[in-house]
Amino acid sequence: MKHTCILFLLGILISCGNDPETQKQRFLIRGNEALQEQNYRDATRFYEEALKIDPCYTPAINNLGTVYFRQNQYVQASLQYDKALECDPENMDAVLNRANTFYELNDLYRALDDLEFAQRKMPDTSTVYFRLGLVHTKMRKFNNAIDDFNKALVLDPDNAETLINRGTVKYYLKKYDEAEADLKTALQIDPLEANAYNALSLIAIERNEFVEALELVNKALGLEPGQPYFLNNRGFIHLEMNELDKAKEDINRSVTIDPENAWAYRNKGWYYFKKGNNDDAIKLLQRAAKLDPFVDKAYYFLGRVYEQMNDTYNACENYKIARERQEKVITALDCI
């Protein structure tokens, strides 16, 4: 009798195991495990098996989008998130993930639409305000970004990442003391935050404290040795210290790791200017401005190159743009 009961229970379990709902959940779990292990091929296969059972199984569609997102295939990722939201228009995971994808694609107004929708549905969620802050930062709406990060910190006061981003925006606003305070507070919360050291080095650069800037960026690189933005920042510090060979090495490594790094092209252009190669300097600085219209000092540096070439018209045109961007312009030219 005892053995009969056990067999009966096993039969129930087997029966449940063949149920479509259970099967698709198993495929989802296996897909999630593969995704965690960065085994994107198996993750895709398991999610697609789940979707054969239920084409509108939103967790599988959403996570399939994440497979593409993790591989920087942002267009494909956005299509999956679109499908998830067609099946469930209020799936907040898909809404936030699609917003992240739009952010990476520089489709910032669509990212903003998704995040504002999420804000209406989840007004007490710090992550939503944090992501709004990132979008507003990229749009150079710095005051909006500060407001967003402030709201995120009310809900999650000890979030080091939010403090670093607020500090970075304050750096853009040239509020260096306030920026420094945020970044140092972030390091008290998490001493291993490499981005905080890198941002502190940027402040030191603005203060012409290049030895301190170098120490800080080296701390960042000690935590994340291959980070292209840190390498590029160190390259710029070497440029300002007239250590041109060291600068070239760091900037070239940065470009190799991230060929779309506009800041690296700006710095390489500045390197060529210092080497007396004005033609290559102009090409690289213009490329930096084209890759990222908001990269700092690209137009100011272009103005410097044209001024060196005695091309007053182009020098003044670029200085004008730099001033409109509230950048400090030092020139002997009388540009109206």
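Values reported hereafter were calculated over all heavy atoms of this structure, with side chains retained and with hydrogens, waters and symmetry mates removed. Start at 1 with the first residue, then count along the sequence. On a predicted model such as this, the values are computed, not experimentally measured, just so you know.
Counted within 6.0 Å of NZ on Lys283, heavy atoms from surrounding residues, nucleotides or ligands total 12 or fewer; the atom is thus considered open. Remark: Lys275 NZ is loosely packed, at most 12 non-hydrogen atoms of other residues, nucleotides or ligands lying under 6.0 Å away.
Under 4.0 Å is where a charged nitrogen must lie from a carboxylate oxygen, and between Glu48 and Arg41 no such pair does. At a threshold of 4.0 Å, the pair Lys184-Glu180 counts as salt-bridged, since one of the basic side-chain nitrogens sits closer than that to a carboxylate oxygen. Taking the charged nitrogens against the carboxylate oxygens, Asp107 and Arg110 do have a contact shorter than 4.0 Å, which makes a salt bridge.
Annotation: side chain to side chain donor-acceptor pair (under 3.5 Å) contacts of Tyr57 (sequence neighbours excluded): none. Considering only residues two or more places apart in sequence or on other chains, Tyr172 meets the ring-ring contact (aromatic ring centres under 6.0 Å, His included) condition with Phe142.
Among pairs with a residue in residues 22-61, those fulfilling disulfide bond (SG atoms under 2.5 Å apart) read Cys56-Cys87, at least two apart in sequence or across chains.
Looking only at atom types and distance, the side chain of Asn159 has a donor-acceptor partner in the side chain of Asp156 under 3.5 Å away.
Considering every non-hydrogen atom in both Ala264 and Ser254, the closest pair reads CB-OG, 3.9 Å. For the pair Phe236 and Phe301, the tightest heavy-atom approach, listed with the atom from each and the gap, is CE1-CZ, 3.9 Å.
No option in Asp182, Asp148, Asp147 other than Asp182 meets the salt bridge (Lys or Arg N to Asp or Glu O under 4.0 Å) test with Arg166.
Taking the six-membered ring where the residue is Trp, Phe69 and Tyr74 present perpendicular rings, their angle passing 60° and hence far from 30°.
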